Amino acid sequence: MNPESRPDGYTLVVCEKPDAARRVSEALSGGGAEASVADGVTVFRFNADGEDFVVCSAQGHVYAVSDPFEERTVYPIFDVEWYPSDMVEKENANAGRRIAAIRKLSEGARRFVNACDFDFEGETIGFNVLRYACAGREDQALRAKFSTLTKEELVEAFRSAKPNAGQGLARAGRARHLVDFIWGVNLSRFLSQSALGSGHRYRTVSMGRVQGPTLNFVVEKEREIQRFVPTPFWKVTGLFKKDGETVVAAYSKDRLDRRADAARVTSDCSGGEGKVVSVRRSVVQVPPYPPFNIGDLQKEAYSAFGFSPSRTLQIAERLYLGALISYPRTGSQKLPRSLNYRGILQGLAGLSEYSKGVAELLRGELRPVEGIKTDPAHPAIHPTGERPRRPLDASESKVYDIVVRRFLSVFAPPAKREMVTVAIRVGEHEFRLGGGRTVFPGWTTLYGRYRGLKDADVPQMNEGDRLKVVEARNEEQFESRPSRYNQSSLLEKMERERIGTKATRAEVISTLVARGYVAGAGLAPTELGLSVVETMKRFAPSIITVELTREIEERLEGVENGSGEDRDLVRETVRSMTKQLAGLSTNEESVGREIDAALMATVAASYVLGDCPVCKTGKLRLIRSKKTGKRFVGCSNYSSGCRASAPLPQRGAIKAAAKPCQHCSWPVVYVLGGGHPWRLCVNPACPSKGVKRNEV
DNA sequence: GCAAGGTC
């Protein structure tokens, strides 16, 4: 049973993060909360309507599921329990201290309120803190449910807070952790152990509910590319003469499937005369793009700067910690009215590059364009209006600028474009040309450098004008081969398939790269990646399909609304895992042999820097000298006589560039670590070297 | 040296 609470005690409010704790305290206290920090936990104290409040936050999960064994070679494991995170995750070493601080606060409490984000994870965080750190208060605690951190909503959430009858959401959230652990850890331990065959050092071969389908997207794309047979089609263009100017118009059907049809159009039109049959002009309004959520920001930073999604997230987090932008891990495209638009803009006006644009915005009414997507916990990413307290580095400046400009642009008026479409008839055939011109720049003055509107002028023409056909030509083209995913488009695919969360998708992609499952800028599966997918297809097919996620989602919803049992879900996970592991174990030798071979081949390939320009047939590879321990570049044909070699810097990670050196054809590498990546042709005798800058 | 999920 629950221990007695102190009748003279305070109300302890548990939030998910300090930011929320502060907003809750401000909302309930009307601004009179007193903040202090103890053991890494920020605590707010105040009195409201005669009630003493103490508001603290867990700062994410402080409990994690794990198995009781310290040994990672043990499997299968189904005996999974919750532990303080610091006991099982070294990145969470501070969790124990935070738990202790909250436990201490709970001892003086009379009443408890769970005020974590109102979703599976938030519910789980609050439940675990109340159960394990507050001596079993999860059932008696009140649940404050809110989806934005505005004062009105917070006040109402606390006014209507009730105990969590049935704990459906928490049971579902906790079951999700168990299920993911049982799937992921058992498969990963099996794969890693099975690949130890040839006696090399341990290498993690992992698999999980999100990793599986994501890797499979890459593999399926590769198969699609391999299967692709380009079909030809024909494109017809007409060149007309108008007042001495050549006008190019496209045939009304933009592709013809047969050569003969295309040839007939060109012969019909050659030497003929065209007549302008319609000229349509219209003015369209182009509204600004909606405010950034993390996915949109990652996409935009990829296309504008070439930043990978995880790099963008890291940079955005640094800007957030510097109080320059709002919390970046948001799905929202909304800027609630409660934000002080004017205050933020006035802050930005102090930065010279924005002052002119801001001044203009401040003259009008401030009503942002918003998108459809929302997020229970956070608004869209926006600048805070604070000035940087330290100089930003180049990449931080870029991300900051794009966030600021996007924010400014949503308050700006739509751009106006004059669009023209002209139709020209030649006998029975019709050609069209169109163009557009920005007549009022609107938001593009602020954001146009990232998403411009291109002008394409159309010569002045009127209905009834007659134009001589200079030439009608047809051109054979081929459907283009599907392209591989890059980090940005793979992330988009995950988002579309509802795999992972906004906070973890980029991380999962990095994990696949780190594991050696995919490589290259155009993400291609490695031999290891292919082999792992193949193995899963045979023995644990559900782990690489999105259907597992769909099914778990559905069943979690059942648990949440009381129509299903969390125990049944976990029990069936164990049953299904047992069956699939049995299949794997029976074939451990052959599976292990194959994964091991693929792993070795992939590791070897990852050392290849490029083709050998000396013997032309070998590959230049990264090699570590047994004698000196130093690394250098050497040719794979060394044993058959090629002595091509080159020294390398001994510090920093080496990454091969996509193209060899244009001066000498030796590989170019990036040396990473420290400050900026250092681009280096490995050939010490490269003609580009030894040339002073002022001689170039 | 394992998953996926939160927050910093």
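Just the heavy atoms: all of them, side chains too, but no hydrogens, waters or symmetry mates, feed the values below. Reminder, nothing fancy here: chain letters follow the sequence lines and each chain counts from 1. None of these values were measured; they are calculated from a predicted model.
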* To the nearest Å, give me how far apart CD (Glu71(A)) and P (dC2(B)) are. => 14 Å
* Among dG5(B), dC2(B), dC8(B), which is the nearest nucleotide to the side chain of Glu317(A)? -> dC8(B)
* Asked: With a 4.0 Å cut-off on heavy atoms, is Gly500(A) in touch with a base, just the backbone sugar-phosphate, or nothing at all?
  -> sugar-phosphate
* Asked: Checking only heavy atoms, does the side chain of Asn92(A) share a donor-acceptor pair with the base of dG6(B) at less than 3.5 Å?
  -> yes
* To do: Go through residues 577-606 of chain A and report each residue with a non-hydrogen atom lying under 4.0 Å from DNA chain B, sorted by number.
  => none
* To do: May I ask you to evaluate whether Arg209(A) reaches the phosphate of dG5(B), defined as a side-chain N or O under 4.0 Å from OP1 or OP2?
  => yes
* dA3(B) phosphate, OP1 or OP2: any side-chain N/O from Ser206(A) under 4.0 angstrom? -> yes
* **Under 4.0 angstrom between Thr124(A) side-chain N/O and dG5(B) OP1 or OP2** => no
* To do: Measure from the side chain of Arg515(A), starting at C-beta and using heavy atoms only, and say which of dC2(B), dG5(B), dC8(B) lies closest.
  => dC2(B)
* Report yes if at least one side-chain N or O of Thr504(A) is closer than 4.0 Å to OP1 or OP2 of dG5(B); otherwise report no. => yes
* Taking the six-membered ring of Phe307(A) (Phe, Tyr or Trp), confirm whether the NZ or CZ of Arg311(A) is under 6.0 Å from its centre and within 45° of its axis. => yes
* Asked: Which part of the nucleic acid, if any, lies within contact of Tyr63(A), taking any heavy atom under 4.0 Å across all strands shown: a base, the sugar-phosphate backbone alone, or nothing?
  -> nothing
* Asked: To the side chain of Gln59(A), which of dA4(B), dC8(B), dC2(B) is closest?
  -> dC8(B)
* Asked: Should the heavy atoms of other residues, nucleotides or ligands under 6.0 Å from CZ of Arg550(A) be counted, would the total exceed 12?
  -> yes
* Nearest whole angstrom, please: distance from the P of dA3(B) to the CG of Leu548(A). => 16 Å
* Would you mind checking if Arg131(A) and Asp139(A) are paired as a salt bridge, meaning a charged N to carboxylate O distance below 4.0 Å? => no
* Below 6.0 angstrom between ring centroids: does that apply to Tyr132(A) and Tyr63(A)? -> yes
* Closest nucleotide among dA4(B), dG1(B), dA3(B) to the Tyr202(A) side chain -> dG1(B)
* Which part of the nucleic acid, if any, lies within contact of Arg72(A), taking any heavy atom under 4.0 Å across all strands shown: a base, the sugar-phosphate backbone alone, or nothing? -> base
* Polar pair under 3.5 Å, donor/acceptor by atom type, side chain Glu507(A), base dA3(B) -> no
* Around Tyr607(A), counting heavy atoms of other residues, nucleotides and ligands shown, do more than 12 lie under 6.0 Å from its OH? -> no
* Nearest listed nucleotide, side chain of Arg176(A), among dC8(B), dA3(B), dG5(B) -> dG5(B)
* Asked: So does Arg22(A) pair up with Asp19(A), basic N to acidic O under 4.0 Å?
  -> yes
* **Validation row: Leu491(A), Tyr302(A) side chains within 4.5 angstrom (heavy atoms)** => no
* Among dA3(B), dA4(B), dC8(B), which is the nearest nucleotide to the side chain of Val210(A)? -> dA4(B)
* Which nucleotide in the set dA3(B), dC8(B), dC2(B) lies at the smallest distance from any side-chain heavy atom of Gln211(A)? -> dA3(B)
* Glu121(A) side-chain proximity, nearest of dG6(B), dC2(B), dA4(B) -> dG6(B)
* To do: Whole angstrom is fine here: how far is it from CG in Leu556(A) over to P in dA4(B)?
  => 15 Å
* Count the heavy atoms of every other residue, nucleotide or ligand shown that sit under 6.0 Å from NZ of Lys579(A), and state whether that count exceeds 12. => no
* **Shortest side-chain distance from Ala503(A), nucleotide among dC8(B), dG6(B), dA4(B)** => dG6(B)
